[in-house]
Structures are given as C-alpha cells and as structure tokens.
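If you read the sequence from its start, that first residue is 1, and numbering goes on from there. Just so we're clear, the structure is a prediction, and the values are computed from it rather than from any experiment. For ligands, and for the atoms within them, numbers begin at 1 and follow the listed sequence.
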Amino acid sequence: MVPRGAVGITLGSVKTHTVQVGDVTRELPIVEVAPGVHVALFNMLGDTEVTEAAGKALARLLPADIDVLVTPEVKALSLAHVISRETGKPYIVIRKTQKPYMVDPVAREVVSITTGIPQLLVLDGFDVPKIRGRRVAIVDDVVSSGGTLHSLRQIIDEVGGEVAAVLAVFTEGEEREEVTALGHLPLFPGA
Ligand SMILES: Nc1ncnc2[nH]cnc12
C-alpha cells in the first residue's frame with residue numbers, strides 16, 4: 001500500500017535509503033547530484049504526512065526563547081509553517097530571487113550540493129525589523145555542506161539578528177553539533 005502523503009511511483013532499479021521521521025517511514029531514492037556524489041534525496045514538498053511529523057517533532061525541540069524562525073525557500077517552507085503553527089512563533093522566508101517589490105534587499109550567493117550552481121538568498125528589507133535584535137532559529141530540510149547555513153547566518157548577522165538555534169529534519173555527510181536534527185543521512189560515494 002502506498003503511504004498517505006507519498007506519491008506511488010515505481011522506483012524500479014533505483015537504490016533507496018530508508019528513513020524514519022516520527023512514526024512515518026520513507027524510501028529515499030539515491031541519486032547522483034554531482035559526478036561521484038550520491039545522496040538519498042529527501043523532498044518533503046507535497047508530502048503532508050512527513051511535513052506534519054517533522055514539524056511537530058522539531059517544534060518540541062525549539063528553545064522557548066526563540067523569537068522568530070527563518071527559512072530558505074522552497075523545500076523547508078511548509079516545515080517552517082508547521083513549526084510556526086505549533087509554537088506560535090512567526091517565520092520569515094528568505095527568497096531565491098530578488099523581487100521588484102523588495103525594499104533594500106540583503107543578498108548572498110550560495111552553491112547548493114543538489115544543484116551545483118550558484119543561487120541567491122535574498123532577504124526583503126521589509127523583514128529586517130522582524131530579525132534585528134531578535135533570537136533567530138534557522139529552519140531547513142537538510143543541512144549538508146553547510147553552504148546555505150553559512151549564507152543564512154551572514155544575512156542574519158548583517159541585519160543584527162542572533163542565530164540562537166538551527167533546526168533541520170536531517171544533517172547529511174558530516175555530523176553537526178550545532179544543528180538540532182531528527183536524523184542523519186549518509187553520503188553514498190560511488191553508489
Ligand atoms: N539528501 C538531500 N535531499 C534533499 N536536499 C538536499 N540538500 C542537500 N542534501 C539533500
């Protein structure tokens with residue numbers, strides 16, 4: 001039976017890695033994202049069951065003194081929504097493109113392990129007062145190379161926020177003490 005919230009695709013000969021998020025189990029396909037770099041691809045977009053399970057579990061781990069959540073678009077957005085709903089803390093979305101309506105945007109470049117190409121992270125200046133002088137928790141789906149995390153920290157520092165917690169569903173590759181995660185994904189060299 002196909003679990004509720006998952007799409008019933010045939011994985012065929014694709015190798016998979018099994019993960020548990022709360023009481024939800026998923027088979028993640030192992031895919032090559034760069035020559036010789038294989039990851040167990042975790043994509044919560046559209047997976048209501050995993051998003052709810054992860055969001056509720058991470059909400060329980062959020063330090064009480066956090067003022068605001070910050071999340072990069074797009075894969076972790078619904079996760080931040082659930083944590084926000086569960087904790088009552090507001091969340092801010094860092095966009096991947098600069099929009100014409102943004103006021104004094106603050107931007108950093110980042111190269112993600114899954115795309116391999118430089119991308120932008122952009123904070124709308126409109127959101128700066130919600131971060132300045134506040135204790136911030138960064139929320140992401142997977143913290144892997146740490147590139148996105150580094151750029152998010154730079155943006156938050158630049159506008160006067162304090163990164164007091166980092167929450168993710170999974171860390172990947174190296175273990176990261178500074179990240180509160182529900183699990184860890186290995187990398188699969190030459191899978
Ligand atoms: N395994 C993974 N799945 C989804 N997004 C990722 N970003 C970095 N590693 C990832």
* ligand 1 to E172 polar contact by distance, N or O atoms, under 3.5 Å ->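 By distance alone, the answer is yes.
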
* Distance-only N or O hit between ligand 1 and F42, under 3.5 Å ->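 Min N/O separation from ligand 1 is below 3.5 Å for F42.
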
Closest approach of [X] to [Y] (non-hydrogen atoms, all atoms of both residues):
{"X": "V82", "Y": "G55", "value": "CG1-CA, 3.6 Å"}
{"X": "P118", "Y": "V111", "value": "CA-CG2, 4.0 Å"}
{"X": "V21", "Y": "A53", "value": "O-CB, 3.7 Å"}

Counting from 1, what ligand 1 atoms have a heavy atom of [X] closer than 4.0 Å?
{"X": "V39", "result": "1 (N)"}
{"X": "L185", "result": "1 (N)"}
{"X": "A40", "result": "1 (N), 2 (C), 3 (N)"}
{"X": "S144", "result": "8 (C), 9 (N)"}

* Asked: ligand 1 versus L41, non-hydrogen atoms closer than 4.0 Å: side chain, backbone, both, neither?
  ->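 Both backbone and side chain of L41 come within 4.0 Å of ligand 1.
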
* To do: Consider ligand 1: state whether an atom of it lies below 4.0 angstrom from any non-hydrogen atom of N43.
  =>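 The answer is no, since N43 has no heavy atom less than 4.0 Å from ligand 1.
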
Who's the nearest protein heavy-atom neighbour of [atom], and how far?
{"atom": "atom 5 (N) of ligand 1", "value": "K75 NZ, 3.5 Å"}
{"atom": "atom 8 (C) of ligand 1", "value": "I113 CG2, 3.2 Å"}
{"atom": "atom 7 (N) of ligand 1", "value": "T114 CG2, 3.6 Å"}

* Measuring from L187:CG to E174:CD, what's the distance to the nearest 0.5 Å? ->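 Interatomic distance, L187 CG to E174 CD, rounded to 0.5 Å: 9.5 Å.
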
* Answer yes or no: does atom CG of D23 have more than 12 heavy-atom neighbours from other residues, nucleotides or ligands under 6.0 Å? =>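 Open: at most 12 neighbouring heavy atoms sit under 6.0 Å from CG of D23.
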
